[in-house]
Structure formats: C-alpha cells, structure tokens
> 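The structure is given below, and queries will be raised subsequently.
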Amino acid sequence: MTRKQKLVVIGNGMAGARLVEDIITRGGADQFEFVMFGDEPYGNYNRILLSGVLSGTHQAQDIFINPLAWYETNNVKLHAGARVTSIDRVNKIVIAADGVTTETYDKLVIATGSSAFLPPMEGLRTTTDGFKAGVFVFRTLDDCEAITQYAEGGKRAAVIGGGLLGLEAARGLLNLGAEVHVIHLMPHLMEVQLDAIAGATLRRSMEALGVQVHLNKATTAILGDEHVTGLQFKDGTTLDCEMVVISAGIRPNVQLARDAGLTVERGIVVNDGITCVDDPDVFAVGECAQHNGMVYGLVAPLWEQTAVLADRLTGRKPQAEYKGSKVSTKLKVMGVDLAVMGEKQPRDEHDEEVVYTEPLRGIYKKLIVRNGKLAGAILLGDTAMAPALLQAFDRGVLLPENRAELLFPLTDQVAAKSAAELPDEAQICNCNGIAKGAIVKAAKGGCRSLKALCDATRAGTGCGACKSQVQEIFEAAAGDTIVEDPSIHYYVPGVPLPKPELIAAIKEQELKSVSAVFRVLAVGKEDPASKAGLASLLKTIWHDGYEDERDARFINDRVHANIQKDRTFSVVPRIYGGVTTAAELKRIAEVAERYNVRMVKFTGGQRLDLLGISKEDLPNVWRDLGMPSGHAYTKAFRTCKTCVGTEFCRFGVGDAVALGIAIEKKYQGIEFPHKVKLATTGCPRNCSEATTKDIGAVAIEGGKWEVVIGGAAGSKVRKADLLITVDTHEEVLHYMGRFMQYYREHAKYLERTYDMVERMGIEKLRRVLVDDEEGICARLDAEIEAAVAAYVDPWQEAAQPHHPSQFVNILPKAEADAMLSQISKQPANYGD
Amino acid sequence: MSTTTTTTTKLVPTDLHFNLGALARIPPGEGKEFEIAGELIAVFRLRDGRVYAVQAKCPHREGALADGITGGGTVVCPMHSFKFDLATGAPLGHDCAALRTYAVSVNAVGEIILQL
C-alpha cells in the first residue's frame with residue numbers, strides 16, 4: 001500500500017470538519033492522514049445554533065457536531081486555538097501564528113469561513129484597539145458567552161443589522177431579558193431573502209414579540225466614553241442603549257489565501273472541482289470560497305461543495321463537479337417559520353406571481369412561476385408546503401396548473417407535518433412500534449444519517465409509510481448535524497454504486513452471479529441485505545443467461561411460495577384475470593382437502609390462496625393443482641384484476657376481461673424491483689380499482705383505453721397518473737410492457753412504481769415512454785420481449801428440484817450417525 | 001470452497017460429537033436444520049467455506065433462521081429481518097438475545113461434525 005497522503009485543513013468550522021467527515025464516510029481514512037487547524041480552542045460546533053445558545057434554548061455543549069473526542073477517534077490531528085498565518089506553496093508548508101507550529105501537506109484545504117463585517121462608524125473601539133465596552137459581534141461561542149455576561153440584569157440593547165443573523169441575535173437578547181432595538185439600514189427586514197410585503201409582515205411579527213424595529217437608519221457613531229451609552233444616526237436622531245451587537249453581514253476570510261498568491265476576488269476563486277485556479281493541490285470550501293462569481297453564506301451549498309471535493313479526493317468520483325447551488329433555506333426567525341428559495345421578485349411580465357397573504361396571522365406566501373416551473377418562493381408564518389416546494393424547485397419539475405395545490409397542504413400532509421409537535425410517547429413506526437422519543441434519542445445519540453437512524457431504531461424499516469415522519473422528527477432533532485449517507489443512492493446498500501453505474505459495471509465486466517458482483521464491485525464483502533436485490537437485477541439484465549445462486553434469494557423465491565409466521569407456506573395458483581372454471585375450482589377444492597389446507601381464502605387480487613402448507617408438501621400440491629404459479633410470493637408481476645367487462649355488465653364500454661387475461665398471460669412472473677399489481681376496468685366506475693394499481697387500464701367511451709401508472713392502495717394511497725390513451729388491446733400491452741422495462745431499469749430495489757413515478761414525475765415519463773425523447777423505446781420493447789421469452793414457470797421444480805434438499809426443513813443425521821463419542825474434533829474454526 | 005481437514009486432538013470426555021452427514025446436503029450459502037438430542041439446530045454452509053451452527057429459532061418471534069439469507073458471517077431472519085453474527089450469535093443492530101452457538105467442523109470426508 002502506498003504512503004498515506006497528508007491532508008491539511010485550515011479552519012475547523014462547519015465546512016472544514018464536514019469535509020474530513022465526508023472523506024471518512026467515503027472510506028478515505030485509508031488514503032489520508034488528516035491535520036486540522038482551528039482558531040477556536042474547541043472542536044467543531046454548529047454555528048447556526050449559536051442563537052439558540054444566546055437565547056438559552058441550547059447549552060453550549062449541545063451544539064458540538066464534532067467534540068474533541070471525535071478527532072481522537074478518527075485519528076485527526078487537531079491544532080485547536082492555532083491560527084495559521086502563512087502558507088508556503090513552494091515547499092508545501094503551513095505555519096501557525098506562534099511561528100513554531102508548522103505542518104507540511106500534500107493537499108491543502110482552506111476553510112477559513114468568514115468574519116463579521118463592521119460598517120464604518122465612529123466610537124467603535126477604544127484607544128487600546130479593542131471594542132468599546134458593550135460593543136459585540138456575534139460569530140463565535142466566545143462572543144455568545146461575552147454577550148450573555150454583559151447583558152445580565154436586563155439592559156437596553158441595540159442590534160445593528162436586520163438580516164437573519166441580526167434578528168437571531170435580537171431573539172437571544174430578548175430571552176436574556178434585554179429591551180431590544182433592531183437598527184436596519186434598509187427599508188425592510190431581511191431584504192436579501194424577502195420582498196417588501198414579507199419584510200413588513202415579519203416586522204409586525206417581531207414587534208408583537210417585543211422587538212422595536214428602526215428602518216432606514218444608518219448608524220454613524222457609537223456614543224459613550226468608557227462604555228456604550230447610545231447610537232448616533234445619520235438622520236440626526238439618537239438612541240440610548242447600554243450595549244450594541246453588530247450583525248451587519250459577513251466578509252469571507254481571504255487574507256491568508258491572498259498572501260499565499262492565490263486568486264481572490266470576493267472569495268477564494270475555485271473551479272468546478274472546488275480547486276484553486278492557481279494550484280491543483282489547494283482547495284477552498286465554504287463561506288471563504290467563490291465559485292462562478294458566487295459566495296455562499298448558507299449551510300446547504302457548503303455541504304454540496306464538501307461532498308464534491310470528498311468524491312474527488314477519495315477517487316470515488318474523480319470527475320465530480322460542483323455546478324453551483326440553488327439557494328434555498330428553511331428556518332425559524334425568532335420563532336416565526338420561514339422558507340425561501342430562488343428569486344424573490346418576478347423578472348418580467350412573463351413571470352407569474354402567485355400570492356396569498358393573511359396579515360393578522362402573520363402569514364405570507366408567494367411563488368414566482370416561470371415557464372410552468374418554480375423560480376422562487378417565500379413562505380412566512382406557515383411553511384407546511386416548504387418540503388414539496390423545495391423539491392419542485394430543486395428538480396425543476398412542471399407545477400400543477402392549479403397553483404393552490406402548491407400553497408396549501410392536503411389533509412394527510414397536515415397530519416404528517418404535526419409529527420414534530422407530537423409527544424415523545426406517540427408511536428411513529430406502526431410496523432415496529434417505535435415511539436417518537438426513541439427516534440429523538442437516537443438522533444441526539446449519534447445517529448447522523450437517516451439510514452443510520454432507521455437501522456439503529458428499526459423505525460421506518462417495515463412498510464416504510466412512516467419514513468417521511470421519521471425523517472421530519474430526525475431532522476428536527478439532529479438539525480444541521482445531519483450527514484447524507486451515500487448509500488441511500490445505491491441500488492443496494494452493500495455495493496457502492498447507483499443503479500445506472502451498477503448496471504453498466506455488471507454489463508461491462510460480464511458479472512453473471514451475485515457472488516461475482518460482490519467479488520468485483522464490493523471488495524469481496526458479501527452483504528446479506530443486498531443479495532436479493534442483486535439477484536433480481538442480474539435476472540433483469542441477463543434473462544436466462546444469469547447464473548442463479550439460490551442462497552441469494554429470499555426463502556419465498558427459493559421454494560416459490562409465501563412463508564407464514566408458523567413456517568408453513570401459502571400457495572396461490574395463477575388464475576388469469578381472476579376468471580376460473582368449475583373444473584379448476586373442483587381441483588383446487590380436492591387439493592385443499594388432500595393436504596389439510598387450514599384456510600382457503602380469496603386474496604385482494606381476486607385469487608384463491610391455500611394457507612398452511614408445509615414446505616415438504618409444496619411440490620405435491622403444485623403437481624396436483626396442475627396450474628402455473630401465481631407469483632403471490634415474489635417481487636414480480638402479481639395479478640391483473642378485472643371487472644366483468646362488456647360481456648355481462650350493462651355499463652361496460654371495454655372488454656376488461658379479455659384484456660386482463662391477455663396482459664397476465666403475457667407478463668406473468670416477470671421480476672421487478674418490487675411487486676407489481678395490475679387491473680383492467682371496463683368503464684370509469686373502476687370496479688377493479690385499476691386507478692390505484694401499479695399499472696392499470698381504464699376503458700372509456702369511444703372504444704379507447706387509458707393506460708395509468710403509479711397507483712397505490714397499500715401503506716400509501718395514490719391515484720395513478722395517465723400515461724397515454726390508446727385504441728386497442730395491443731397498444732395497452734405495448735405501453736404497459738415498455739413502462740415495466742423502464743421500471744425494471746430505473747427503480748431502486750424495493751421502490752414501488754408509485755414512488756418511482758412520483759420521483760421522476762409523469763411528465764418526464766410521458767416524454768421518455770411516449771414521445772421517445774431519449775430514443776430508448778425500441779430497446780425497452782425488445783428487452784421486455786426477451787424477458788417474456790425467458791419466462792419459465794417456477795412450479796416446474798415440483799418435478800425437478802434445484803437441489804435435493806430444496807423442500808426440506810430438517811435433514812436427518814448421518815446413517816451410522818450415533819454419537820461419535822470415540823472420535824474427537826477441534827471446535828469450529830473456519831476463519832481461514 | 002475450502003473444506004478444512006481436522007487432526008485428532010485430545011478428547012474432552014464430556015463432549016458429545018454428532019455426525020450430521022455430508023456437508024453437500026446443504027446448498028451453498030444456505031442453512032438447514034438438524035434435530036440433535038431433542039434440540040433444533042440450524043447449520044449454515046457459507047459460500048466462503050465457513051460452517052456455523054446456532055439455535056434454529058430466532059429469539060425475536062421464533063422465525064426459522066435456516067431459511068434466512070446469509071452473508072459476511074451473518075444471517076438475516078426471514079420473518080422480520082433481525083440479523084445475527086453466526087460466529088458469536090451476537091444480535092446486530094437490535095437488542096434481541098444472542099443466539100446459542102455450537103462448535104461445528106467438517107471432517108476429512110466432508111461430513112459435518114457437531115459438538116454439544
């Protein structure tokens with residue numbers, strides 16, 4: 001193994017520490033030796049929560065993301081309280097203020113952040129160069145401590161700056177018992193994020209809380225000899241006060257970089273690789289960096305930058321590029337909910353402005369819509385719709401024409417929203433019985449990604465319906481300390497590749513078995529939770545050319561039946577379209593009697609389920625039934641429900657029975673990332689519930705069929721989206737097959753169609769599957785035809801088992817068996 | 001696939017050894033149950049050649065561990081996906097009781113020898 005490279009990070013704030021963490025998450029601890037320099041004598045804390053410390057809602061120790069112990073555990077050498085004063089790029093050395101502490105580097109990351117901006121004014125400092133007593137900035141834990149001490153006993157305080165940070169400082173001072181005045185240069189509060197109406201609404205909310213707001217005020221001097229006694233403004237007026245917190249913006253800390261000869265404009269200039277333009281071994285992230293003319297002061301862009309840089313440095317994605325961030329933020333300003341994203345004003349008369357105001361309750365919502373997409377939004381006082389809008393904004397999806405849907409939550413979203421306000425005892429995960437308190441505890445106890453939390457608590461690991469609530473509680477409890485587990489983007493957790501890359505690698509290297517995938521793509525590490533997903537994918541890719549390893553299958557797919565709680569199995573024979581015959585029913589009845597079937601039941605998919613069959617009896621049951629497998633046990637095409645269609649029904653306008661049988665005969669048993677349920681209905685009365693199926697066909701007047709996709713009526717209920725309206729049964733089969741193949745190729749393992757359809761959006765799916773925007777339709781059609789051709793009824797294994805003990809639970813001991821008390825063996829020791 | 005041959009060592013008189021028959025009767029990567037001295041024991045044949053024996057029923061809700069998926073020295077119960085370390089029986093990612101484990105080896109002719 002080659003020598004580790006030495007990575008030196010200047011700055012131990014949210015960007016610097018996050019970068020090191022991102023590198024470690026990507027397995028980079030083997031590649032790098034980490035050294036960090038921090039100005040402050042602490043580990044890394046969450047600067048965003050400083051206002052919480054000031055207002056007393058958080059203790060200082062609660063806001064640490066990486067306490068000093070973290071550095072030790074992860075072998076990160078930290079020079080805490082050591083300010084770097086120069087960088088020698090020729091010799092690759094950094095030197096700290098004491099002149100003694102030096103470190104050489106292979107790679108250098110500058111993450112020096114920013115400092116408070118001090119507007120020009122008189123009387124700021126005393127002659128000894130420090131601030132006048134009573135003057136503070138608000139950037140560090142030490143600032144917090146100093147402000148808290150000085151404010152003791154209730155003082156009259158002024159905050160210079162009515163931006164986000166200033167208002168946060170104001171809240172803190174208010175909680176400390178101060179009389180608070182906010183002095184703002186501009187005509188309304190938070191003008192960077194808000195328009196005039198939102199600013200005025202916020203002002204009223206602030207004033208209702210007891211803050212006095214002074215707008216259009218330029219401070220020219222801080223009055224008082226020894227300590228602060230008041231402020232002098234440009235308009236000639238004054239304000240008496242005993243302390244001042246200056247929070248008038250921030251300036252990137254770039255002097256160090258400038259002295260080192262790096263290109264610096266407003267920030268340290270970096271390219272799409274987060275690399276300084278003058279030196280391939282020097283990088284800059286966070287508030288001190290400037291990319292494409294932008295310097296970001298929010299935490300989300302910083303996370304995106306560190307992720308890209310970590311991808312590049314670890315070689316996980318050497319070509320990863322940062323393309324700038326779409327700025328959005330969701331926060332509380334003095335307890336008032338606020339979410340903003342994108343632009344705050346229409347650009348021209350083509351932009352659509354959608355506004356809702358409710359001044360009495362302090363609610364203001366505004367959307368800027370451009371070409372049907374969200375260009376910006378402000379939500380003040382009610383941010384229930386913020387997650388949906390943020391998603392629409394980030395992905396640039398086409399918005400529903402009824403804009404009201406974007407401003408007001410549907411009823412189930414209201415219920416989900418309240419999760420954060422539920423008591424600790426409230427059960428969130430109804431499958432595993434996990435209460436909110438357990439989730440909060442895990443979030444505060446070190447679970448830093450949603451996946452880690454779900455693994456640790458089991459919350460959300462059942463049907464998954466509570467996942468968004470779990471996420472909401474997690475985010476509220478963990479705040480900005482959350483890291484994204486890269487594995488959520490993988491097709492299966494044990495192979496570090498998203499689905500398209502995984503498929504490419506499997507094809508390129510001709511990996512035909514699950515073992516081969518682990519060997520080549522996961523450094524030989526077998527992950528049981530990934531096996532079934534890989535088996536399904538390999539079958540999708542190679543059809544019958546796939547090297548079937550039965551241990552990679554879930555038990556249901558090893559014995560082609562559905563395991564029950566007592567280890568018996570349920571058997572559901574294929575009944576095409578739910579249409580059977582008297583002869584078939586008699587045979588089923590005989591089998592049920594012969595094998596003492598404990599329950600015979602109609603399923604939700606119009607089939608007959610024989611429950612309570614032992615594993616050993618399965619082959620005989622199948623043989624005696626003489627019917628193909630109904631695939632009720634696997635991630636595959638399940639059933640196609642039908643209504644009675646046109647033959648008997650007086651309302652029927654399309655032959656749903658014939659169509660349903662044709663669909664089921666063609667696509668039976670095709671494997672998918674998750675189960676797929678279908679239905680056809682002969683008229684829009686929807687008796688077979690086709691509009692809540694993964695794939696459905698609805699007959700409409702005029703001899704036409706609507707093909708609908710992404711419906712759900714399980715742990716989640718969702719009405720399917722219309723893919724296309726066609727004229728013939730053949731066309732229905734055609735488009736259904738095309739969508740099936742697309743789902744096979746694009747869904748994550750265990751992602752239902754409705755989640756994929758929602759993730760991608762029906763408009764995009766229509767463009768791809770109907771308009772053939774990507775030119776892949778012919779290939780999709782050919783692939784699904786190949787899958788249909790490769791289909792073999794698994795119940796044929798009744799005659800030819802895959803392995804002699806396939807249907808055996810308990811193996812007998814050896815013939816001669818007995819107790820071998822005369823021989824002696826070593827205890828098991830098979831660790832090689 | 002490596003089958004380890006074992007050499008004769010000192011016999012501990014109280015140990016009981018059972019010949020469970022040919023390892024090949026267990027499909028690679030899977031587990032099967034044996035009834036030994038009134039006890040149900042699941043024996044696993046991992047793809048890397050390791051063989052393990054643990055109690056057959058999951059301590060959570062008595063799921064048949066032999067029907068679970070193995071990998072990386074662990075088994076995942078088919079009932080509710082509780083995971084256990086096969087070598088130590090330790091629960092992984094949950095707080096169920098650990099599994100009882102049994103000493104098991106494969107002899108020179110490929111038979112499973114279990115020690116109680």
Side-chain angles (χ1 to χ4, degrees), chain A residues 431-432 452 454-458 461-462 494 514-515 518 522 524-532 549-556 558-559 563-567 615 802-806 808-832, chain B residues 2 4 6-13 15-22 25-30 32-36 40 43 46-53 61 63-64 66-76 78-81 83 87 93-94 102-107 111 113 115:
Chain A
C431 291
N432 292 315
C454 292
D455 288 349
T457 59
R458 301 182 64 77
T461 60
V514 171
S515 300
F518 284 128
K525 201 163 176 282
E526 257 193 334
D527 172 37
S530 302
K531 280 174 135 182
E549 292 172 339
R550 290 297 172 105
D551 60 304
R553 301 182 176 195
F554 186 62
I555 183 63
N556 288 4
R558 292 183 196 164
V559 299
I563 193 166
Q564 306 296 310
K565 61 194 284 188
D566 61 356
R567 211 190 184 185
K615 197 193 268 182
H802 184 264
H803 188 281
S805 54
Q806 183 176 0
V808 178
N809 278 338
I810 303 180
L811 286 172
K813 282 175 283 188
E815 289 290 314
D817 163 42
M819 215 187 290
L820 303 178
S821 39
Q822 295 314 304
I823 69 157
S824 168
K825 297 291 164 217
Q826 294 178 164
N829 181 16
Y830 276 78
D832 291 336
Chain B
S2 72
T4 305
T6 53
T7 52
T8 307
T9 55
K10 195 182 64 166
L11 177 70
V12 183
D15 285 349
L16 303 178
H17 293 79
F18 296 86
N19 185 343
L20 305 188
R25 293 196 300 164
I26 305 177
E30 295 187 27
K32 289 290 167 194
E33 289 176 1
F34 292 86
E35 199 173 343
I36 309 292
L40 264 188
V43 179
L46 267 55
R47 281 202 168 261
D48 59 11
R50 288 182 283 180
V51 176
Y52 292 111
R61 291 204 188 156
D67 283 343
I69 294 184
T70 65
T74 67
V75 64
V76 178
M79 284 292 128
H80 306 97
S81 301
K83 190 170 168 181
H94 56 93
Y102 303 88
V104 67
S105 60
V106 179
N107 69 13
E111 291 168 327
I113 307 299
Q115 188 181 339

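A note on names: the letters A, B, ... follow the listed sequences, proteins ahead of strands, and every chain is numbered from 1. All values below were derived from every heavy atom in this structure, side-chain atoms included, with hydrogens, water molecules and symmetry-related copies excluded.
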> Could you tell me which portion of Arg550(A) (side chain, backbone, both or neither) has an atom closer than 4.5 angstrom to a non-hydrogen atom of chain B?
both

> For Arg558(A), is it the side chain, the backbone, both, or neither that has a heavy atom closer than 4.5 Å to a heavy atom of chain B?
side chain

> Looking at Gly72(B), Ala66(B), Ala53(B), Gly93(B), which makes the most heavy-atom pairs under 4.5 Å with chain A?
Gly72(B)

> Please flag which part of Leu40(B) lies under 4.5 Å from any non-hydrogen atom of chain A: side chain, backbone, both or neither.
side chain

> May I have the step-by-step check of side chain to side chain contact (heavy atoms under 4.5 Å, CB included) for Asn19(B) and Ile113(B), ending in yes or no?
CA-CA 5 Å; Asn19(B) 185 343; Ile113(B) 307 299; 4.0 Å; yes

> Side chains of Pro27(B) and Lys32(B): closer than 4.5 Å at any heavy-atom pair?
yes

> Step by step, work out the side chain to side chain contact (heavy atoms under 4.5 Å, CB included) result for Arg47(B) and Glu526(A).
CA-CA 9 Å; Arg47(B) 281 202 168 261; Glu526(A) 257 193 334; 3.9 Å; yes

> Evaluate the criterion side chain to side chain contact (heavy atoms under 4.5 Å, CB included) for residue pair Arg61(B) and Lys565(A); output intermediate values, then yes/no.
CA-CA 9 Å; Arg61(B) 291 204 188 156; Lys565(A) 61 194 284 188; over 6 Å; no

> Let's test your reading of the structure: which of Val559(A), Ile563(A), Leu811(A), Asn809(A) forms the most heavy-atom pairs below 4.5 Å with chain B?
Leu811(A)

> Search all heavy atoms of Ile555(A) against all heavy atoms of Pro78(B) and return the closest pair with its distance.
CG2-CB, 3.9 Å

> Does a donor on one side chain and an acceptor on the other come within less than 3.5 Å for Asp551(A) and Thr70(B)?
no

> Report which part of Glu549(A) has an atom under 4.5 Å of a heavy atom belonging to chain B: side chain, backbone, both, or neither.
both

> For Thr457(A), is it the side chain, the backbone, both or neither that has a heavy atom under 4.5 Å from a heavy atom of chain B?
neither

> Give, as side chain, backbone, both or neither, the part of Lys525(A) having an atom under 4.5 angstrom from any heavy atom of chain B.
neither

